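Written below as structure tokens is the structure these notes are about.
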Amino acid sequence: MNVRVVTISATFGAGGATVGPMVARALGLPFLDRAIPEIVAGEIGCTLEEALAHDGRAERGLGRILAGAARLPTVAMGAMEVYLPDRTIVPPEEFVEHTEQIITRTADSGGGVLLGRGAAVVLADRPDALHVRLDGPRERRLLLAASEMPGGGSGAPERDVERMLDDNDRARTAYVKHFYGADPADPRLYHLVIDTTRLPVPAAADLVVGAARAC
């Protein structure tokens with residue numbers, strides 16, 4: 001198998017956190033998602049909470065900042081405004097720089113399956129990387145996200161799930177647009193785009209694994 005790195009970009013409700021580990025197990029590669037901000041925090045000597053403040057996938061990170069921190073400085077990105085955290089804690093650029101180093105180090109040291117954090121852009125020129133996008137229509141992603149909540153969605157009001165989806169999608173898009181000037185929804189960034197609201201998770205994972213083994 002020539003592919004040793006699989007990057008997965010996933011919108012909220014598209015099953016990235018489920019497909020990713022399945023692909024990693026099938027290919028015998030490590031899976032990196034939640035571990036990345038922990039490693040960054042250790043390397044730059046800040047708390048995990050401070051590192052998460054700049055992490056595009058953190059529940060308490062950019063999604064929360066984008067949702068309503070109007071008191072924070074703003075940076076214009078096209079037609080949208082992005083609220084960035086107070087730079088007196090940890091500069092966002094420092095977090096991103098270390099995140100990129102971890103992504104590249106993982107690729108250089110045997111590979112892995114990487115979820116989010118603009119990895120498809122960071123590793124765009126690597127011939128041993130397969131770049132995958134998981135997405136689907138918003139309404140179907142809402143249904144899937146609600147069904148995965150405790151109690152099968154009955155414990156979370158529909159409006160709360162909708163807010164989580166919008167905040168997370170906005171945060172992940174803002175992260176890639178702000179730091180890399182790219183749109184994570186652009187299919188040209190990926191070798192494979194899958195609508196995981198139509199395909200069962202195991203089938204989606206099989207497609208990714210098959211593509212990796214075919215390359």
Side-chain angles (χ1 to χ4, degrees), residues 1-40 55-59 99-137 140-150 152-153 164-165 168-169 171-173 175-176 180 182 184-215:
M1 184 177 66
N2 294 323
V3 167
R4 300 301 302 172
V5 182
V6 178
T7 71
I8 298 178
S9 169
T11 52
F12 188 81
T18 306
V19 173
M22 293 179 68
V23 171
R25 285 194 297 271
L27 296 177
L29 297 172
F31 174 69
L32 272 76
D33 179 17
R34 296 183 185 277
I36 292 179
E38 294 178 0
I39 297 171
V40 171
D55 184 23
R57 292 190 55 82
E59 293 180 2
T99 298
E100 291 174 355
Q101 291 173 3
I102 292 166
I103 290 171
T104 303
R105 197 161 65 221
T106 299
D108 290 339
S109 62
V113 177
L114 302 159
L115 180 60
R117 298 172 180 87
V121 181
V122 177
L123 303 177
D125 297 327
R126 289 190 69 105
D128 61 347
L130 175 72
H131 305 304
V132 179
R133 173 74 168 177
L134 308 180
D135 202 352
R140 292 207 297 266
R141 288 191 290 116
L142 271 173
L143 290 174
L144 288 174
S147 69
E148 293 173 358
M149 296 294 175
M164 289 173 62
L165 183 145
N168 275 270
D169 281 356
R172 296 172 191 184
T173 298
Y175 183 94
V176 177
Y180 301 110
D186 186 348
R188 293 173 296 180
L189 297 174
Y190 312 102
H191 302 110
L192 182 64
V193 178
I194 305 174
D195 182 349
T196 45
T197 68
R198 288 295 191 187
L199 288 179
V201 164
D206 286 345
L207 280 176
V208 179
V209 171
R213 288 175 173 164
C215 293

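Everything quoted here is computed from the prediction, not taken from an experiment.
Side-chain contact between Arg25 and Val209: absent, with no pair of heavy atoms (C-beta onward) separated by less than 4.5 Å. Side-chain atoms of Val208 and Ile194, non-hydrogen and from C-beta on, do get closer than 4.5 Å to each other. You'll find the side chain of Val122 reaches within 4.5 Å of the side chain of Tyr180, heavy atoms only. The shortest side-chain heavy-atom distance between Thr197 and Pro137 falls under the 4.5 Å cut-off.
The distance from the CG atom of Leu165 to the CZ atom of Phe12 is 6.0 Å, given to the nearest 0.5 Å. Of the inter-residue distances, the one linking Thr18 atom OG1 with Leu115 atom CG reads 10.0 Å to the nearest 0.5 angstrom. Interatomic distance, CZ of Arg4 versus OG of Ser109, reported as 10.5 Å (0.5 Å rounding).
Applying the ring pair (Phe, Tyr, Trp, His ring centres under 6.0 Å) rule to pairs touching residues 184-215 yields His131-His191, sequence neighbours excluded. Residue pairs that meet the salt bridge (charged side-chain N to carboxylate O under 4.0 Å, His left out) test with at least one member in residues 188-202, sequence neighbours left out, are Arg140-Asp195, Asp186-Arg188.
The heavy-atom pair separating Leu27 from Ala212 by the smallest distance is CD1-CB, 3.9 Å. Ala107 and Asp128 make their closest contact through O-OD2, 4.5 Å (heavy atoms, listed as atom of the first residue, atom of the second, distance). Contact between Ala14 and Leu134 at its shortest, heavy atoms only, is CB-O, 3.5 Å. Minimum heavy-atom separation, Thr106 to Leu32: OG1-CD2, 3.6 Å. Taking each heavy atom of Gly110 and Leu29 in turn, the nearest pair found is O-CD2, 3.9 Å. Contact record, Val3 with Val6: CG1-CG2, 4.1 Å, taken as the closest heavy-atom pair.
Between the Thr104 side chain and the Gln101 main chain, no donor and acceptor come within less than 3.5 Å of each other. Judged by distance alone, with hydrogens and angles left aside, the side-chain atoms of Arg141 form a donor-acceptor pair with the main-chain N or O of Gly136 at under 3.5 Å.
Listed by chain and number, the residues in a salt bridge (Lys or Arg N to Asp or Glu O under 4.0 Å) with Arg133 are Asp135 (sequence neighbours excluded).
Salt bridge status for Asp206 with Arg213: absent, with no side-chain N to carboxylate O gap under 4.0 Å.
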_Could you walk me through whether Leu123 and Leu114 satisfy the side-chain contact (heavy atoms from CB on, under 4.5 Å) test, starting with their C-alpha distance in whole Å, then the side-chain angles of each, then the deciding distance to 0.1 Å, before giving a yes or no?_
CA-CA 11 Å; Leu123 303 177; Leu114 302 159; 3.9 Å; yes
